[in-house]
Amino acid sequence: MGDRRRNSPTPHASLARFSAGRAATLLERLPSAPGFWRSPVRGVGFTAVLGLVLLAGITLLFVTGLLSYAAYNPDLNPVNDKTPDKGLLGFYLFAWPTGPHWLYRLTQGLHVTVGIVLVPVLLAKLWSVVPKLFALPPVRSVGHALERISLLLLVGGALFEFLTGLLNIQLEYLFPGSFYPLHFYGAWVFFAAFLAHAGLRVPQAVRVLRSGGLSGKVRDDPLESPDPAGPTISRRGALAMVGAGSLLLLVTSAGRSFDGPARLLALLTPHGAAEPGSGPNGFQINKTAAAVGITTTETGEGWWLTVSGPAGNLRFTRKQLLAMDQYSAALPIACVEGWSTSDQWWRGVRLSDLAALAGYPDRPPGVLVESVQRSGPFRRAALRDNQVRDPRSLLALQVNGEDLSPDHGYPARIIVPAAPGVLNTKWVGRLTFGEL
Ligand code: HEM
Ligand SMILES: Nc1nc2c(c(=O)[nH]1)N[C@H]1C(S)=C(S)[C@@H](COP(=O)(O)O)O[C@H]1N2
Ligand SMILES: [Mo]
């Protein structure tokens, strides 16, 4: 300041000095200047704690995410596969089991709840390393360039996966059809970058926490501000705030996987609090009959079920189905969006009995299920032989002691143990048993 006011020998030199000074102060004010980031909370110990939490949480997210894809049995039939171009990435697929009957409820409840709960941790982690993202020069060597590219995939991948996941559960099918491949490919890119980063950083994180601990001084701490501002909160306090944020999200979202008062607390999520209404059919609905254009024209007196197989095409009215042996099974609905119901008391005809009528008296094969619904992504689904053979797998006609309501799939719907909701086709019109 004072410098600039002094008289200079020539106007030109003064101008040059003036702009150089201005440029220097401007540079110091940019996020790329080490002095720009002044929070005394930043430090490699703080980053290490958040990183280790993410290591556990994101590994769980990746595993449960891959399981969710496997649960659709995408390799069984193209109608189950929302990512048909997966290629080698489908190497791990297996026949999804039918037990324990709450399996998908658990894996997908964890996937969505952990994803929501990790948001504050992810944001805090990004905040803790943000000076590094702006550091100049952007690239120092070939090795450094490679690391920067992997960081781009890591940060971009993390933001992309969390955003697409959160938007999908909040705004149901915002990206119709395309959500599944986007989130699936994104997961592989993100997790590859994540593993590379963790491989480099976990040893460092463990070392730092063993030696200095969270608040201890680390020599040449790469994340400590060179010009720290006065403290307003301790590192421990900042971590506690992140933890409190996560806890709040946990309390306001986990309830969508439970009944009773817990569900009332699920304020943050669709199909959470207070939605389902009361009565025997008073549990969560994904799409109502009206939403997919189902009317009594399709499901009223004129409805019949077609069952196809080696025995030909057989037709059954609802009355005829009700006259067959009826079985009960206590099974939940567990949606890919993470919400689930507790066990409902379904009653109807065993899929294996229908397979026997279709010409497969023992060891029935899989079945292609088609709804009377004319369009929409979930109007058809294929079930594997292990699912057809499970005695709890039903073409349900009733639930909790009453006829199915129109919204829960009247006149008949599929219910299969441990399967994702998308395989529990509503308003069924045709079953085709055989090689799929
Ligand atoms: C969503 C996952 C994660 C994201 C987006 C992320 C992002 C980042 C970024 C952008 C940096 C700055 C890199 C640089 O230019 O130096 C960084 C540094 C660091 N990360 Fe992560 N990270 C994640 C997970 C993890 C995990 C699982 C660990 C393991 C404990 C970890 C430990 C560290 C450590 C110790 C540093 C400081 C490195 C240093 O400057 O010395 N991070 N992270
Ligand atoms: N015909 C048809 N069946 C369907 C769907 C659909 O859109 N159409 N949605 C599925 C999905 S995604 C879920 S989670 C369950 C929800 O069943 P509910 O609405 O009875 O709870 O139904 C499944 N069956
Ligand atoms: Mo669903």
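Each ligand, and each atom within it, is numbered from 1 in the order the structure gives. Being a predicted model, the structure only gives us computed values, none of them experimental.
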Note: ligand 1 atoms sitting under 4.0 Å from heavy atoms of Pro222 are 39 (C), 40 (O), 41 (O)
One thing to verify: whether Arg384 and Asp75 come together as a salt bridge, which I'm taking to mean a side-chain N less than 4.0 angstrom from a carboxylate O.
yes
### Query
Quick one: does Leu354's side chain get under 4.5 Å of Leu321's, heavy atoms only?
yes
Residues passing the side-chain contact (heavy atoms from CB on, under 4.5 Å) test with Pro84, sequence neighbours excluded, are Asp81
So the atoms of ligand 1 within less than 4.0 Å of a heavy atom of Phe194 turn out to be 2 (C), 24 (C), 27 (C)
For Val155, the ligand 1 atoms with a heavy-atom partner under 4.0 Å come out as 10 (C)
Shortest non-hydrogen pair, Asp343 vs Pro332, comes out as OD1-CD, 3.5 Å
So, Glu298 side chain and Thr295 main chain: donor-acceptor pair closer than 3.5 Å or not? yes
Near Leu55 (heavy-atom distance under 4.0 Å), the atoms of ligand 1 are 27 (C)
A student checking ligand 2 against Cys335 at a 4.0 Å heavy-atom cut-off should list atoms 14 (S)
Among Val292, Asn424, Asn286, closest by heavy atom to atom 12 (S) of ligand 2 is Asn286
With heavy atoms and a 4.0 Å threshold, my read on which part of Arg413 contacts ligand 2 is side chain
Please verify the inter-ring angle class for Phe191 with Phe62; under 30° counts as parallel, over 60° as perpendicular, anything in between as tilted. parallel
At under 4.0 Å between heavy atoms, what of Lys426 touches ligand 2? The answer is both
Separation between CD (Gln344) and CG (Leu404), nearest 0.5 Å, reads 11.5 Å
d(Arg315 CZ, Leu305 CG) to nearest 0.5 Å is 11.0 Å
How are the rings of Phe378 and Tyr180 set to each other: parallel, tilted or perpendicular (split at 30° and 60°)?
perpendicular
Atoms of ligand 1 under 4.0 Å from any heavy atom of Phe190, numbered from 1 in the order shown, are 1 (C)
Around atom CZ of Arg38, are there more than 12 heavy atoms from other residues, nucleotides or ligands closer than 6.0 Å?
yes
Judged by heavy atoms only, the candidate from Gly421, Ser375, Ala334 nearest atom 13 (C) of ligand 2 is Gly421
Ligand 2 to Ser371, heavy atom cutoff 4.0 Å, flagged ligand atoms 1 (N)
Under-4.0 Å salt bridge between Glu224 and Lys132:
no
Here the atoms of ligand 2 under 4.0 Å from any heavy atom belonging to Trp427 are 1 (N), 2 (C), 8 (N)
for atom 40 (O) of ligand 1, nearest protein heavy atom and its distance come out as Lys132 CE, 3.1 Å
The answer for which part of Leu122 has a heavy atom under 4.0 Å from ligand 1 is side chain
A student checking ligand 1 against Leu133 at a 4.0 Å heavy-atom cut-off should list atoms 10 (C)
Ligand 2 to Gln284, heavy atom cutoff 4.0 Å, flagged ligand atoms 18 (P), 21 (O)
Practice task
Verify whether one side chain among Ser342 and Asp259 offers a donor that lies under 3.5 Å from an acceptor in the other.
Solution key: yes
protein heavy-atom neighbour closest to atom 13 (C) of ligand 1 works out as Leu151 CD1, 3.6 Å
Note: ligand 1 atoms sitting under 4.0 Å from heavy atoms of Ile58 are 1 (C), 2 (C)
Per-atom filter on ligand 1: closer than 4.0 angstrom to a heavy atom of Ala205 are 30 (C)
Near Ile285 (heavy-atom distance under 4.0 Å), the atoms of ligand 2 are 19 (O), 21 (O)
Residues at least two apart in sequence or cross-chain that pass side-chain contact (heavy atoms from CB on, under 4.5 Å) with Arg350, listed by chain then number, are Tyr327, Ser352, Asp353, Pro391, Leu394
Hey, does the side chain of Gln326 reach the backbone of Met324 with a donor-acceptor pair shorter than 3.5 angstrom?
yes
protein heavy-atom neighbour closest to atom 37 (C) of ligand 1 works out as Leu223 CD1, 3.8 Å
Inset, instruction - May I ask you to decide if Arg256's main-chain N or O and Arg263's side chain share a donor-acceptor pair within less than 3.5 Å? - result: yes
Counting only protein N, O or S atoms and ignoring waters, those under 2.8 Å from atom 21 (Fe) of ligand 1 are Lys125 NZ, His197 NE2
Handout entry: Heavy-atom donor-acceptor pair, His101 side chain to Leu331 backbone, under 3.5 Å
Key = no
Residues passing the ring pair (Phe, Tyr, Trp, His ring centres under 6.0 Å) test with Tyr185, sequence neighbours excluded, are none
Considering distance alone, does some N or O of Gln204 sit under 3.5 Å from an N or O of ligand 1? yes
